[in-house]
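The structure appears right after this line, and notes come after that.
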Amino acid sequence: MADESDVARLRVPIARRLRFVLLLAVTLGGCAAGTAAPGQRVADDGRGRQADGLDAPRHLPELRATVAPPIGWSPQKLQGSARHTHQVWQSPTGNTAYGVIHFRLPFPVGHELLLWAFMNEMRRDQGQARLIEKRWDANLGGIRFVTEGGLYRIRTNLVVRGFDGWAVYAGTFRSGPILPDELALAERAREYTEVGVARPHVSQSVAPSKTGTP
């Protein structure tokens, strides 16, 4: 089990690792997303979420996403800036995290460009970055990738819809134990995350109070 200092670092630096996307999007550009319209889901609609260990789905307007976090996982305070919001749910052991980052772009950019920038920034920030796997998923309408930095392994769905983007991930420590049941829950929550406009039958919810960008 990670100690308290490692647990505290799990939820904050992951946001910092992805925050560069928001900064680079202002200066990099020209590559249109070329994907489906806003409102398309990250994953096909799932059934039996609660039986699968996930809470009932609810829409978080500040994320422009519908989430079904693992039951019993603790939502952390919403992190954010003028261009992004980041919500993390932490497992009871503190070893695993499920997170959703929504970012707002001044103009559409491509998935490959954002992934390239992500890897460069992770390498600069952590001293190393290794892309374990990457593939385009037509059903997702985005890129699935797994990467390792100095501290974390994150398994991310990266989706861009015009002027909006989302990074939905399951994160674990590189040095700590990986708990298979927790990781499976985080990945299941990731796959049930829906981005864009809320569907009529999904309840609206308010995320925990926002804090400043760490």
Side-chain angles (χ1 to χ4, degrees), residues 7 10-12 14-15 18 35-80 84-104 111 135 137-146 152-161 164-173 178-211:
V7 169
L10 176 61
R11 56 182 182 270
V12 176
I14 287 178
L18 292 174
T35 54
Q40 178 173 323
R41 296 191 296 273
V42 165
D44 291 338
D45 191 20
R47 294 175 294 180
R49 286 180 173 87
Q50 290 176 306
D52 288 337
L54 302 182
D55 208 343
R58 58 185 182 276
H59 186 74
L60 298 181
E62 291 191 302
L63 294 174
R64 295 200 72 227
T66 297
V67 301
I71 294 172
W73 288 33
S74 302
Q76 308 304 302
K77 287 185 177 180
L78 188 73
Q79 304 292 326
H84 89 288
T85 49
H86 181 188
Q87 179 67 64
V88 179
W89 287 263
Q90 183 177 286
S91 69
T93 66
N95 285 292
T96 314
Y98 155 63
V100 180
I101 302 173
H102 170 243
F103 48 93
R104 294 162 289 281
H111 293 81
R135 65 184 176 90
D137 188 324
N139 291 325
L140 174 69
I143 293 175
R144 297 181 183 273
F145 69 94
V146 180
Y152 310 108
R153 173 179 281 222
I154 57 174
R155 307 147 183 88
T156 305
N157 291 350
L158 181 64
V159 179
V160 180
R161 301 285 183 266
D164 293 276
W166 293 263
V168 187
Y169 65 85
T172 55
F173 289 108
I178 294 179
L179 305 179
D181 290 345
E182 285 191 356
L183 179 56
L185 276 174
E187 291 182 326
R188 191 173 301 134
R190 180 194 64 197
E191 295 309 301
Y192 281 151
T193 303
E194 302 179 4
V195 301
V197 179
R199 289 178 289 133
H201 67 276
V202 175
S203 64
Q204 301 287 313
S205 184
V206 177
S209 300
K210 181 183 289 188
T211 66

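A 4.5 Å side-chain heavy-atom check between Leu54 and Tyr192 finds at least one atom pair inside the cut-off. Looking at Val67 and Leu60, their side chains come closer than 4.5 Å, going by heavy atoms from C-beta outward. Trp73 places none of its side-chain heavy atoms less than 4.5 Å from the side chain of Asp55. Counting heavy atoms from C-beta outward, Arg64 and Val195 have side chains that stay 4.5 Å or more apart.
Here the closest non-hydrogen pair linking Arg58 and Pro69 is NH2-CG, 3.6 Å. For the residue pair Val100 and Ala65, the shortest heavy atom distance occurs at CG1-CB, 4.4 Å. The two residues Leu78 and Glu62 come nearest to each other via the heavy atoms CD2-OE1, 2.9 Å. Between Ala68 and Pro57, the shortest heavy-atom contact is CB-CA, 4.2 Å.
Listed for the Thr93 side chain is a donor-acceptor partner under 3.5 Å among the backbone atoms of Asn95. Side-chain atoms of Arg188 come within 3.5 Å of backbone atoms of Asp52 as a donor-acceptor pair (strictly under, hydrogens ignored).
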Between Glu187 and Arg155, does a side-chain contact (heavy atoms from CB on, under 4.5 Å) hold up when you go through it step by step? CA-CA 8 Å; Glu187 291 182 326; Arg155 307 147 183 88; 3.2 Å; yes
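At a cut-off of 3.5 Å, with distance as the only test, a side-chain donor of Thr96 or Glu182 sits close to an acceptor on the other residue.
Taking the charged nitrogens against the carboxylate oxygens, Asp164 and Arg104 have no contact shorter than 4.0 Å, which rules out a salt bridge.
Between His86 and Tyr169, a ring centre-to-centre spacing shorter than 6.0 Å is recorded.
Here the options are Val168, Leu185, Leu183, the test is side-chain contact (heavy atoms from CB on, under 4.5 Å), and the partner is Tyr98; only Val168 passes.
Put simply, OG1 on Thr85 and CH2 on Trp166 are 10.0 Å apart, with the number rounded to the nearest 0.5 Å. One distance of note links OG1 of Thr172 with OH of Tyr152; it measures 10.5 Å at 0.5 Å rounding. Expressed to the nearest 0.5 Å, how far CD of Glu194 lies from NE2 of His59 amounts to 10.0 Å.
Judged as a salt bridge (charged side-chain N to carboxylate O under 4.0 Å, His left out), and not counting sequence neighbours, the contacts of Asp137 are Arg135, Arg144.
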